[in-house]
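Below is one structure, written out as structure tokens, with a few remarks after it.
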Amino acid sequence: MDYKTRTKIAVILIEDRVAVDSDVIILGWVRTIRVSKNVAFVEVNDGSCMKNIQGVIEQPENLPVLDKITTGASVRMQGRLVASQGKGQKYEIEVKSLLLVGEADTSYPIQTKRHSFEFLREIAHLRPRTNTFGAVNRVRSKIAYAIHKFYQDKGFYYIHTPLISASDCEGAGDLFHITTFDLDNIPRKDGQIDWHEDFFGDETYLTVSGQLEGELLATALGDIYTFGPTFRAENSNTSRHASEFWMIEPEMAWAELDDNMDLAEEFLKYLFRFALEECADDMEFFGRWVDKELHRTLEGVITAEFERCSYTEAITLLEKAKQKFEFPVKWGVDMQSEHERYLTEKIFKKPVILYDYPEEIKSFYMRVNDDGRTVRAMDVLVPKVGEIIGGSQREERYDVLKARMEKKGIKNLDNYYWYLDIRRWGSVPHAGFGLGFDRALMYITGMANIRDVTPFPRVPNWAKF
RNA sequence: UCCCCUGUAGCUCAGUCGGUAGAGCAGCUGACUGUUAAUCAGCGGGUCGCUGGUUCGAGCCCAGCCGGGGGAGCCA
């Protein structure tokens, strides 16, 4: 059987680059088949696009293999591309040859009907063959590409920060330990675990962020971005949290908070527009079946000028609001998602960038304002989700940073000598932010659960496949 | 981790007052059809999440455990 020659369905149905009457070979999986005495229809999908192509067989009795061709089977279909006689598709294939490559018996779990996302999660090895998950994975790939294109076109360098980290205080959540110790026989010294005996001669973790290393590269290359996996051992059981997820973290030298805001706004708009323009077919599917408001929501972000509002102003606005909140509002408290969503959905009705948060509720590395009470942090809030980006201008003054780290109770400051060193020699103002890739994808596709935009999600109690 | 909901056929679900189970879809067989969530007829299909308790009798009531969903917190 010849697998080398084939025409992808997207080339026929999306790009419309194949002339009628051409001979084509399709390699793909049968989505559904209808056989009757005088005519049979086989719908094949090859993953190149949302759409199936329909093969028409005029004399089914001459093709006994049709008995074995069932939903889920892989086939090689050869024939002439013709304008369809039926409704619902522009082209179809007059089948000359139909070969069964891999049969699918009746236990194939994906049926020609709607399945719940919960069920499909349990068969994550097969769900990419469904319409929804085919679309999710295609868009995921395109958006990953768009991220690189956006930054590369701006002259940012893509850097790889380590996934294995020895700093236990990068700021966020619980960490996964990594070790080569025999867990039944862990070396101890004076009652304590003796990490010197471990693989790296030190206690190590999976990283929770590439930011600190990103700063090191930004203060040499100028503008950089990271795009890679991160790991959090938080016992979070929500639709928005995964234990392993991908994050984009740009970092710019010679930049202050307003530059950071400009970049974040431009970046989000670029990604959303890219999805609408480059994934039109898949996006149309999401708009029809997953979230009817999707296009309006994304267009709203693309066309809006993001509101910029200080934390202090936002608190004042929330205090004046008639809305009753579960968590009371008061200067100094961290913003709850109900507050964030009220600001972006009710007060401004568009994306909002909040900035200058109280020093006490934000991380050690954020630049302290002249008032001494606030730091140059920013969160980008969007309707329907709330916070989608978090970032800051970094503290570039050595003494101020060191004092703040001590104040925040960071032990073993010596472990961070390298982070402080870039402030000792040739320090520059710099700023950056983090965007959760999977969360951005949720926003773009309208999918409500992070487990359904990640091909093989890792969450508490689930690391299958 | 906390609060609420939930677990019955391959899938989605119903199951009344406690009397050992039913539908639609899928599958199989046949008929029919330029069909496209095809249609029509027939057939097969169950450790009611697990363990224990109450009861003459438990899918149903009680307890514990396990799984799933939604919300909250933490965050991206």
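Sequence lines set the chain letters: A, B, ... in the order given, protein chains first and strands last, and positions in each chain run from 1. Heavy-atom basis, side chains included; hydrogens, waters and symmetry copies ignored.
A cation-pi arrangement is present between A:Lys362 and A:Tyr357, with the terminal nitrogen or guanidinium carbon under 6.0 Å from the aromatic centre and inside a 45° cone about the axis. For the pair A:Lys154 and A:Phe150, the distance from NZ or CZ to the six-membered ring centre is under 6.0 Å and the angle to the ring normal is within 45 degrees.
Counting any heavy atom pair closer than 4.0 Å across all strands shown, A:Gly86 reaches a base atom. Using a 4.0 Å heavy-atom criterion, one finds that A:Glu92 contacts the bases of the nucleic acid, with or without backbone contacts as well. Within the 4.0 angstrom heavy-atom criterion, base atoms lie near A:Ser236. Using a 4.0 Å heavy-atom cutoff across all strands shown, A:Asp438 reaches no nucleic acid atom at all. Within 4.0 Å (heavy atoms only), A:Ala440 reaches no atom of the nucleic acid at all. Within the nucleic acid shown, A:Glu244 has no heavy atom closer than 4.0 Å to any nucleic acid atom. No contact: A:Val380 has no heavy atom under 4.0 Å from any strand. Looking at heavy-atom distances under 4.0 Å, A:His241 makes contact with a base.
Rounded to an integer number of Å, the gap from CD of A:Glu118 to C1' of B:C5 is 13 Å. The CZ-P distance, from A:Phe325 to B:A72, rounds to 14 Å in whole Å. The CZ-C1' distance, from A:Phe117 to B:G69, rounds to 14 Å in whole Å. B:C74 atom C1' lies 10 Å from atom CG of A:Asp334, rounded to whole Å. Atom-to-atom, NE2 of A:His115 to C1' of B:G24 comes out at 14 Å; the value is rounded to the nearest Å. Residue A:Asn461 contributes atom CG, which lies 11 Å from atom P of B:G69 at whole-angstrom precision. Distance CG (A:Asn38) to C1' (B:A38): 16 Å, rounded to an integer number of Å. Taking atom NZ on A:Lys68 and atom P on B:C28, their separation rounds to 14 Å, with Å as the unit.
A close approach under 4.0 Å does not occur between any side-chain nitrogen or oxygen of A:Gln336 and OP1 or OP2 of B:A72. Considering only side-chain N and O atoms, A:Asn237 lies nowhere under 4.0 angstrom from the phosphate OP1 or OP2 of B:G70. Distances shown here put a side-chain N or O of A:Arg34 below 4.0 Å from the OP1 or OP2 atom of B:A38. An OP1 or OP2 oxygen of B:U12 is reached within less than 4.0 angstrom by a side-chain nitrogen or oxygen of A:Ser116. In this structure, A:Thr238 does not reach the B:G70 phosphate: none of its side-chain N or O atoms is under 4.0 Å from OP1 or OP2. Close to B:C25, at under 4.0 Å from its OP1 or OP2, lies no side-chain N or O of A:Lys113. Look at A:Arg121 and you'll find a side-chain N or O under 4.0 angstrom from OP1 or OP2 of B:G69. A sub-4.0 Å separation between OP1 or OP2 of B:G73 and a side-chain N or O of A:Ser337 is present. Remark: A:Arg451 is not in phosphate contact with B:G68, judged by side-chain N or O atoms under 4.0 Å from OP1 or OP2.
Separation of the C1' atoms belonging to B:A37 and B:G24 is 13 Å when rounded to the nearest angstrom. Of the P atoms belonging to B:C65 and B:C3, the separation is 12 Å, rounded to the nearest Å. Spacing of C1' atoms, B:G73 relative to B:G64, comes out at 27 Å, to the nearest Å. Remark: the separation of the C1' atoms in B:U47 and B:U39 is 37 Å, to the nearest Å. Nucleotides B:C40 and B:U35 have their C1' atoms positioned 16 Å apart, rounded to a whole Å. Taking atom P on both B:G42 and B:U6, the two are 36 Å apart, rounded to the nearest angstrom. With both ends at atom P, the span from B:A38 to B:G27 equals 9 Å, rounded to whole Å. B:A9 and B:C4 have their C1' atoms separated by 29 Å, given to the nearest Å.
Donor-acceptor pairing under 3.5 Å, judged by distance alone, is absent between the side chain of A:Glu122 and the base of B:G68. For A:Gln89 and B:U35, a side-chain-to-base donor-acceptor distance below 3.5 Å is present, hydrogens and geometry of angles not being considered. For A:Gln54 against B:U35, a side-chain N or O and a base N or O form a donor-acceptor pair under 3.5 Å.
A distance-only check finds a donor-acceptor pair linking the side chain of A:Lys269 to the backbone of A:Ala304 [under 3.5 Å]. Side chain of A:Thr344 to main chain of A:Lys350: a donor-acceptor pair is present (N/O by atom type, distance under 3.5 Å, no hydrogens or angles).
A salt bridge is defined here as a Lys NZ or Arg NE, NH1 or NH2 lying under 4.0 Å from an Asp or Glu carboxylate O, and A:Arg376 with A:Glu359 fails to meet this definition. Contact check on A:Lys349 versus A:Glu307 returns no salt bridge, with no Lys/Arg side-chain nitrogen under 4.0 Å from an Asp/Glu carboxylate oxygen.
When only modelled atom types and interatomic distance are considered, A:Trp331 and A:Thr312 share a side-chain donor-acceptor pair under 3.5 Å. No donor-acceptor contact under 3.5 angstrom links the side chains of A:Arg232 and A:Thr230, judged on distance only.
Applying the side chain to side chain contact (heavy atoms under 4.5 Å, CB included) rule to A:Asp259 yields the partners A:Met252, A:Ala255, A:Glu256; only residues at least two apart in sequence or on another chain are considered. Residues forming a ring pair (Phe, Tyr, Trp, His ring centres under 6.0 Å) with A:Tyr91 (at least two apart in sequence, or on another chain): none.
Comparing atom distances between the A:Thr112 side chain and each of B:A26, B:C74, B:U1 picks out B:A26 as nearest.
Closest-nucleotide positions on RNA chain B for A:Val56 and A:Trp246 were compared, and the one nearer the 5' end corresponds to A:Val56. Checking A:Phe41 against A:Gly434, the closest nucleotide of RNA chain B that is more toward the 5' end is the one next to A:Phe41.
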Pairs counted only when both distances fall under 3.5 Å, Watson-Crick or G-U: show me the 5' to 3' dot-bracket for RNA chain B, [ ] for pseudoknotted crossings and | for other-strand partners. (((((((..((((.....[..)))).(((((.......))))).....(((((..]....))))))))))))....
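A centroid separation of 6.0 Å or more is found between the aromatic rings of A:Tyr311 and A:Tyr355.
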